[in-house]
Amino acid sequence: MHAEHLLIMKCLTLLPPLLFFLTLLSSSLNVASDSAAEAQAILKWKASLENQNHSLLLSWNTSKSNNPSPCAWSGIHCNHADSVVRINLTLIGVKGTLHSFPFSSLPSLAEVDLSTNELYGIIPPQISLLSKLTYLDLSYNMFSGQIPPEIGHLIHLGTLHLAGNQLNGSIPQEIGQLKSMTELALCSNYLNDSIPASLGNLSQLVSLLLYDNSLSGPIPPELGSLRNLSELYMDTNRLSGPIPATLGNLKSLSILFMFNNSLSGPIPPELGNLESLTEISLYHNNLSGSIPSSFGDLRLLTLVHLYQNNLSGPIPEEMGNLKSLVDLELSENKLNGSIPASLGKLSNLEILFLRDNQLSGRIPNEIGSLLKLTVLELDKNNLAGHLPPDICRGGSLENFTANDNQLVGPIPRGLKSCTSLKRVHLARNRLRGNISEDLGVYPNLYFIDMSDNEFYVEIGNSRQIQRLDLSSNHLIGEIPKEIAKLTSLLELYLRGNQLSGSIPLELGHVSRLLRLDLSANQLRKSIPETIGNLPMLFDLNLSFNRFSQRIPIELGKLSNLVFLDLSHNVLSGEIPEAFQSLQSLTWLNLSSNNLTGEIPATFEQLRGLDTVDISYNQLQGPIPNCKAFQLASKDALQGNNGLCGNASGLTPCTVFSKKGHNNKTLFVVMFPLLLVCSLSISSIAFLFTFKKRKKDADEERQSSASEEIFFTASSFDGRVLYQEIIGATKDFHAQYCVGKGGYGNVYKAELSSGDVVAVKKFHLLHTGKMEDQRQFLKEVRALVETRHRNIVKFYGFCSSVDRSFLVYKYLERGSLASTLSNDEESKKLDWNKRVNIVKGVVHALSYLHHDCTPPIVHRDITSSNILLDLEYEAHLSDFGTAKLLNPDSSNWTNIAGTYGYIAPELSYTMKVTEKCDVYSFGVLALELIVGGYPGDFLSNLSILTAERIPLNHVLDQRLLPPQPDVENKLVFILKVVVSCLDNNPKSRPTMHTVSQLLFDRI
């Protein structure tokens, strides 16, 4: 018994370790089993992804390891029990849906970051099964549908980021149940309806981002309960009603953005209690009343944007207490009274915008105490008196504008010595002074508009000036020879003065000049030949002067000239034959002179010429056979004695003149008759010689035909295609011409197969220069090989000694330019179609710049070169000016492109890059929004940002206002456009970046 007892005792002693071992073994087996189950669930989701072979996802594999755990996989993190607690796949390009995501198989999952990928579809309501989730970031994908209200079951969730998707519907009330929430980002979606009052329950919330949606209705006063809130972004929505006074309770708030809404009523003075506030932006609303004086208590403010409202009353003196303020913008309101001198205390102020108000009185001298001030805009007020003497005491002022006021007196000493100035606008005041003394000392000044004042005498010699506008002043005397010192000058406007004498020969040394307007003066003598030395000039206006003698043939050297106005002078002699070289010319006015002789027939070679006015001269003979003359109005041709032709107000041309019996007529009639008789008699003698030459010519043509180079990128046979086109167009007869341009004409050809093609026949290359032929073939072959749905499909090309043409798909609706210029057709081009056109052009340019080898720069992006199919989809066309960029060679070339779309750097660098296309795209996209060429906006781009261009001010008024979701797209496009139009090409985005931005947001 004793032995048995001892045995039992020994067994009992060994039992606990054995039980412990069995427990560990069981636990280990369970862990392995759970881990394997999680791995299989994750692999099931991977199998549903469209790019499951992504390099990061290759590690998601159990076949190469005995360990089925996912804990070693890239982007997967586990706890000590080998259970998945975090998945981080941000920025890897995952494409697919969440339909197969293992919501029910990952019980420990606490953090999920799938941001910045290509996930789409809905956010499944099963997401509520992740009961331990604390962090969820699905932002910047393509999720659509509504935010599932089941998300309100995730009571531990502290961060919810759903920004940058395509979510719609309302914000679920259930989000207000997430009491642990500190960050909520729902911005940049299509959310609508009102902001739920339940968000006021999120007592831990620090950051609330609701901007760039279509939220409407009032701002709930309950948001005033968010005592921990630091950032509140509600801008760019459709919110209405007053700003709740309860927001004054947010003592931790540092940023309050509510711009671009329809908020109304006064700004509550309670906002002066926001002691932590550093930035407040309420611009572009309907706010009224005065600016609260309590704003003076917000000592940490660095930015105040209240422009584009209906605010009235004076600017509070208390604003001078904001010693940290850097940016103060109160423009486009109804503020009155004087500018408070207390603003001179804002020692950190860099930007001050007060334009477009009703401010009066003097500009306070204390403004000169703002030593860091770089931009000062006071345009369109009722300001009077002299400019402050020390307005640039700090030496930082770069942009100063005070157009349309009642300022008087000379330019003050302090402004004369302001070497930092780059841009000055003081037009339409009553200022006076000596231009040479006032403007000759600025080393950095490049843009000056002092038109409609009382300046006089000379022009200064600042070498940095790019634009000088002294129009409508009282300038007298001659244009000084010192003009040649303005070596950076791009635009010179001296119209509407009393300048006399001749144009100085030295003006021809300002080789970068793009625009020259000397109209409406008393200039006389001849137009100097040296003007022909301005190779970049595209706008020349010398009208309403007293220029005499002949038009210099040197004007024919201005190959980039687009506009030429020599009207209302006393010019004599004939129109120079050299004008045939002005291949860029579209607008010509030679009216009211004493020009004689016939109009050169070479005008027919000016393919781009669209508008002419030759009235009131002494011209005679037939008008040229080209569109500009044939379609000219009666007024544009009247006042000449002997013009004839098929045009309004003219008689048809005949052999006999009205006098009928003068010697000239007899000679004109008899000489050809005698010549015909002589030729008839001699023709017999040359009959056999002619036959022999005809035989030789036939053989030569056959030889030439064998040298013709055909290529086709479609099922067409090149030689058959060539013969069909010649036949279908009757060898390019005018009746089949559907468009003309500077590089060639476009013909419509219906082939026997039923296909309709467009044929662009280039103007002749230099015959016999084989290097030209080879270059043409090299460039066009690359274009034919392009493959993109938004690029006009090329079928092939032909190049020979006498013909070079491209063959591409014919698009029924023609060009975007013709559609926008027609009121009825433009109304069919609704906002959705216009957004899609922008996207199509972006994708096409991104393809040319980044997917072609070598990259292709179009160089002539305009609305005329965007063709539309029956579905209004955009197709990029006309590579007549396109060049291939070789990164290892020079890109210097002549200016190419269309006036108004050309990137500004081409005027002085001549260097063509992809960024030139980016600028042209910006003009085109803005044209689509405006409905026409956006000249006014382009001229103000140096002071405009996307935020300062209110969408409702630029929308094409022929269309109904866009729906909220489309409006958000247009606002975003406008932001992108402004970046594309940056004067600095390095600051412009690439088309690849633009394509990604639009893909993410639109």
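In what follows, residues are counted from 1 in the order of the sequence shown.
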Starting from the C-alpha separation in whole Å, work towards a yes-or-no answer on side-chain contact (heavy atoms from CB on, under 4.5 Å) for M234 and L239. CA-CA 8 Å; M234 294 188 289; L239 299 171; 4.0 Å; yes
For the pair N201 and K179, evaluate side-chain contact (heavy atoms from CB on, under 4.5 Å) and give the outcome as yes or no after the intermediate values. CA-CA 7 Å; N201 298 329; K179 300 296 181 63; 4.0 Å; yes
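For S180 and H156, the side-chain atoms include no donor-acceptor pair closer than 3.5 Å. Remark: the N260 side chain and the H284 side chain contain an N/O donor-acceptor pair separated by less than 3.5 Å. Side-chain contact of N189 with Q166: a donor-acceptor pair under 3.5 Å is absent, judged by distance alone. Judged purely by distance below 3.5 Å, without hydrogens or angles, the side chains of E38 and S83 pair a donor atom with an acceptor atom. Side-chain atoms of S207 and E183 form no donor-acceptor pair, as typed in the model, at a separation below 3.5 Å. Checking D917 against H849 by side-chain atom types alone, a donor-acceptor pair falls below 3.5 Å.
In this structure a side-chain-to-backbone donor-acceptor pair under 3.5 Å is present from N285 to L282. N836 places no side-chain N or O within donor-acceptor distance of the main-chain N or O of E873, the cut-off being under 3.5 Å. Proximity of a side-chain donor or acceptor of N790 to a complementary backbone N or O of H875 within less than 3.5 Å is not detected. The backbone N or O of L89 lies less than 3.5 Å from a partner atom in the side chain of N117, making a donor-acceptor pair. For T913 (side chain) and K915 (main-chain N/O), a donor-acceptor pair under 3.5 Å exists by modelled atom type. Judged by distance alone, the side chain of S979 and the main-chain N or O of V976 form a donor-acceptor pair under 3.5 Å. Looking only at distances, no side-chain donor or acceptor of D212 sits under 3.5 Å from a matching main-chain atom of F972. The main-chain N or O of D113 is never found under 3.5 Å from a side-chain atom of D137 such that the two would form a donor-acceptor pair. Although no hydrogens or angles enter the test, the distance criterion places a donor-acceptor pair under 3.5 Å between the side chain of N213 and the main chain of Y211.
Looking at heavy atoms from C-beta onward, I175 lies in side-chain contact with L184 at the 4.5 angstrom threshold. Taking 4.5 Å as the limit, every side-chain heavy atom of H850 sits out of range of all side-chain heavy atoms of E914. Residues Y120 and T97 are in side-chain contact: their nearest non-hydrogen atoms beyond the backbone lie under 4.5 Å apart. I87 is listed as a side-chain neighbour of I76, based on a closest heavy-atom distance under 4.5 Å. Residues L49 and V94 are in side-chain contact: their nearest non-hydrogen atoms beyond the backbone lie under 4.5 Å apart. Two residues are said to be in side-chain contact when any heavy atoms from C-beta on lie closer than 4.5 Å; V206 and L226 fail this criterion. Counting only heavy atoms from C-beta outward, the side chains of H305 and F259 never approach each other to under 4.5 Å. Counting heavy atoms from C-beta outward, I171 and L191 have side chains that approach closer than 4.5 Å.
Enclosure of atom CD in Q963 is not indicated, since only 12 or fewer non-hydrogen atoms of other residues, nucleotides or ligands lie within 6.0 angstrom. For K46, the NZ atom is densely surrounded, since the number of other residues' heavy atoms within 6.0 Å is greater than 12. Remark: L960 CG is loosely packed, at most 12 non-hydrogen atoms of other residues, nucleotides or ligands lying under 6.0 Å away.
Nearest approach of S35 to P70, heavy atoms of both residues: OG-CD, 3.4 Å. When every heavy atom of L926 is checked against every heavy atom of L981, the shortest pair comes out as CD2-CD1, 4.3 Å. Contact between N141 and S115 at its shortest, heavy atoms only, is ND2-CA, 3.9 Å. Here the closest heavy-atom approach between residue E279 and residue T302 is recorded as CG-OG1, 3.8 Å. The nearest pair of heavy atoms linking L274 to L250 is CD2-O, 3.3 Å. Among all heavy-atom pairs drawn from Y919 and D982, the shortest one is CD1-O, 4.5 Å.
With S214 as the fixed residue, the side-chain hydrogen bond (donor to acceptor under 3.5 Å, both in side chains) test singles out one of N192, N968, D965, D193: N968.
Considering only residues two or more places apart in sequence or on other chains, D830 meets the salt bridge (charged side-chain N to carboxylate O under 4.0 Å, His left out) condition with K833.
Between W73 and W60, the angle of the ring planes stays under 30°, which puts this pair in the parallel group of the 30/60° scheme. Taking the six-membered ring where tryptophan is involved, the planes of Y847 and H788 are tilted, since the angle between them lies from 30° to 60°.
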